[in-house]
Amino acid sequence: QIDDRLRGEFRFDIAEYDFLPPVSRRDRLYTTTFRLDYAIDKHFSAGAFYSYAWAANLTSPVFNNREYTRHVGGLVVRAEY
C-alpha cells in the first residue's frame, strides 16, 4: 500500500509442468504481473494491470527453450455497495 487510496502490487511466479506419458516433455512458465489500484471514494475504485508471461520448453530442441510469450493489460473500474 502506497498511501490510503493508492495500492500497488508486483508478482513474479514460476510454474513447471511435467506431462504424463506418452508425452515426454516439460515446460516452465514465468509470469510477471504489475497492478495499481486507486480508491476514488468508499464505493468506487479504478485500476490498471499488466502481465508478461513466457513459456520455456525444457525438453524439445525444436523450440530452442522458448515456446511462447504473452502480454496482457487492462483497466478496471469497480463499484461496491
Side-chain angles (χ1 to χ4, degrees):
Q1 190 162 344
I2 299 168
D3 66 17
D4 290 343
R5 292 182 167 215
L6 191 60
R7 190 178 131 232
E9 177 183 4
F10 176 77
R11 288 183 57 162
F12 179 74
D13 298 311
I14 300 174
E16 191 165 305
Y17 302 96
D18 195 2
F19 292 81
L20 297 174
V23 177
S24 175
R25 113 182 225 177
R26 285 178 41 227
D27 287 351
R28 191 173 292 147
L29 178 64
Y30 304 91
T31 307
T32 60
T33 305
F34 176 73
R35 179 181 188 106
L36 195 59
D37 291 306
Y38 179 73
I40 300 166
D41 60 25
K42 74 177 196 174
H43 296 293
F44 293 100
S45 62
F49 69 91
Y50 174 75
S51 178
Y52 174 71
W54 66 97
N57 185 303
L58 303 176
T59 54
S60 174
V62 175
F63 291 110
N64 195 21
N65 200 27
R66 187 69 170 236
E67 196 164 337
Y68 68 86
T69 57
R70 177 177 56 210
H71 301 267
V72 179
L75 300 173
V76 179
V77 177
R78 280 190 224 53
E80 297 177 352
Y81 290 95

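What's counted below: heavy atoms across the whole structure, side chains too, no hydrogens, waters or symmetry copies.
- What you find for Ala39 and Ser45 is that their closest heavy atoms are CA-CB, 4.0 Å.
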Using distance only, find each side-chain donor-acceptor pair of residues 6-19 under 3.5 Å and give its atom names and separation, not counting sequence neighbours.
{"unit_1": "Arg11", "atom_1": "NE", "unit_2": "Asp13", "atom_2": "OD2", "d": "3.4"}
{"unit_1": "Arg11", "atom_1": "NH2", "unit_2": "Asp13", "atom_2": "OD1", "d": "3.2"}
{"unit_1": "Arg11", "atom_1": "NH2", "unit_2": "Asp13", "atom_2": "OD2", "d": "3.0"}
{"unit_1": "Glu16", "atom_1": "OE1", "unit_2": "Arg28", "atom_2": "NE", "d": "2.9"}
{"unit_1": "Glu16", "atom_1": "OE1", "unit_2": "Arg28", "atom_2": "NH2", "d": "2.7"}
{"unit_1": "Glu16", "atom_1": "OE2", "unit_2": "Arg26", "atom_2": "NE", "d": "3.1"}
{"unit_1": "Glu16", "atom_1": "OE2", "unit_2": "Arg26", "atom_2": "NH2", "d": "2.8"}

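- Separating the OG1 atom in Thr33 from the OH atom in Tyr50 is a distance of 10.0 Å, to the nearest 0.5 Å.
- Contact check for Tyr68 versus Leu29: side-chain heavy atoms found under the 4.5 Å cut-off.
- Remark: Arg5 pairs with no residue by the salt bridge (charged side-chain N to carboxylate O under 4.0 Å, His left out) rule, at least two apart or across chains.
- Ring geometry for Tyr30 versus Trp54: interplanar angle under 30°, hence parallel rather than tilted (30 to 60°).
- Taking 4.5 Å as the limit, some side-chain heavy atom of Tyr52 sits within range of a side-chain heavy atom of Thr69.
- Taking 4.5 Å as the limit, some side-chain heavy atom of Tyr38 sits within range of a side-chain heavy atom of Ile40.
- A heavy-atom distance below 4.5 Å is found between the side chains of Ser51 and Thr31.
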